[in-house]
Amino acid sequence: MTIRNVRVICTAPAGARLVIVKVETSEPDLFGLGCATFTQRHLAVVTAIEKHLKPLLVGRDPSCIEDLFHLMMVNGYWRNGPVLNNAISGVDMALWDIKGKLAGMPLYDLLGGKCRSAAQVYVHADGATAAAVCDSVRSFLDQGYRFIRVQQSGYGGAESRVRRPAGSPAGVYYDTRSYTREVLATLDHVRNEIGESVELLHDVHERLPPIEALQFARDLEPFGLYFLEDCFAPEDVDWFERLRTLSSTPLAMGELFNNPNEWKKLIAERLIDFVRVHISQIGGVTAARHLVSFAAQYAIRTAWHGPGDVSPVGHAANLHLDLWAPNFGVQEWCRFPEQVYEVFPGTPVVRDGYMYPNDRPGLGIEIDEKRAAEYPCPNDVIEWTQVRRHDGSPARP
Ligand code: MG
């Protein structure tokens, strides 16, 4: 058996540009799917796969996943960047899908079997006011969710209250001081109205100066968060040591990580509680499997990134890892609209706050290529990452 072809399928059924890899083998009808979605730079990933990985892979044995993962990582010599890691992930997940189909086993069985029958998920409540956020939390509770991320006006506080200087360029503006005050007031409101029967989470999205993030983590303690996410930017991770000595708020980190060196110290020194990488961003299931086992030695749990710009194929990979990992914590869930299920039959389903697998072999997900072609990817300039502080200073998204 050899790899016969490596194809890329781009589609945007819910608006976000998704990149899917299909690895075809010399066996009739035996192929695998993988997620290579780097939605903001999707064409760079397509080129990396079609022009660089495909010629490297055609004719090789698809069963040697670890060996091919290593080969793809080092063949370009320079490595661990987001474009190439996503390209490698697309192939890597597809190889695991193929192996599962050959074995007649779902991926979680190949990995070692289930530790749980479903994965608990968290969803996002948001609103312009504390009352609106509280209504959103209640609505999710009524739908059976028990883990709810609370944001106010997205990641930055109400933009209408930002006083920008005349002549400031277009972009997304926010004010860190009003943001932290508003979120604290909203969490206070939600706890007063709903009580302790809900697990609350919050995502800073790397938007605070480190000293403000330290104070924020301390101020959050009375609300008993399940975790506080991306309190610092990856460039500022050295601040976690200081934060750990000052606050017992549980910490989640890592959706922007690419390179194993970014999480080694945080895990080995127990500076975070949840490792939260974007699986395709670190190279796929093989990289994630290594990370799970490393984190488990330090009792650090997983909480994989699961937004709408992880494809359903990527969400399926998340779910298989969740079911297997002994140190699974919680899974982010974006609630795909119906047309996504039509393009990707087998997309994971959530009932009563838990995400369930199907029991098909491999990743258990398909793509209807005709339906996918009905949703071509736009190629416009990305706006939400053009982010500035209230005075116009450039900021991280
Ligand atoms: Mg996040």
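Atoms within a ligand are numbered from 1 in the order they appear, just like the ligands themselves. For reference, positions follow the sequence shown, starting with 1. Model, not experiment: these values are computed from the prediction. Side chains included, hydrogens not; waters and symmetry mates left out as well; all remaining heavy atoms used.
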Notebook entry, point to check: Are more than 12 heavy atoms from other residues, nucleotides or ligands located less than 6.0 Å from atom CZ of R116?
Noted result: yes

Notebook entry, point to check: Taking just the N, O or S atoms of E255, which one is nearest to the Mg ion (ligand 1)?
Noted result: OE1

Item checked: For the Mg ion (ligand 1), the closest N/O/S atom belonging to E229 -> OE2

Notebook entry, point to check: If you look at D203, which of its N/O/S atoms is nearest to the Mg ion (ligand 1)?
Noted result: OD2

Notebook entry, point to check: Between L266, D230, L243, L271, which is the residue that forms a side-chain contact (heavy atoms from CB on, under 4.5 Å) with L251?
Noted result: L243

Next item on the list: Would you indicate whether E235, at its atom CD, is surrounded by more than 12 heavy atoms from other residues, nucleotides or ligands within a distance under 6.0 Å?
Entry: yes

Note to self: Does this structure show an ion pair linking E241 with K265, if we count only N-O contacts that are shorter than 4.0 Å?
What the structure shows: yes

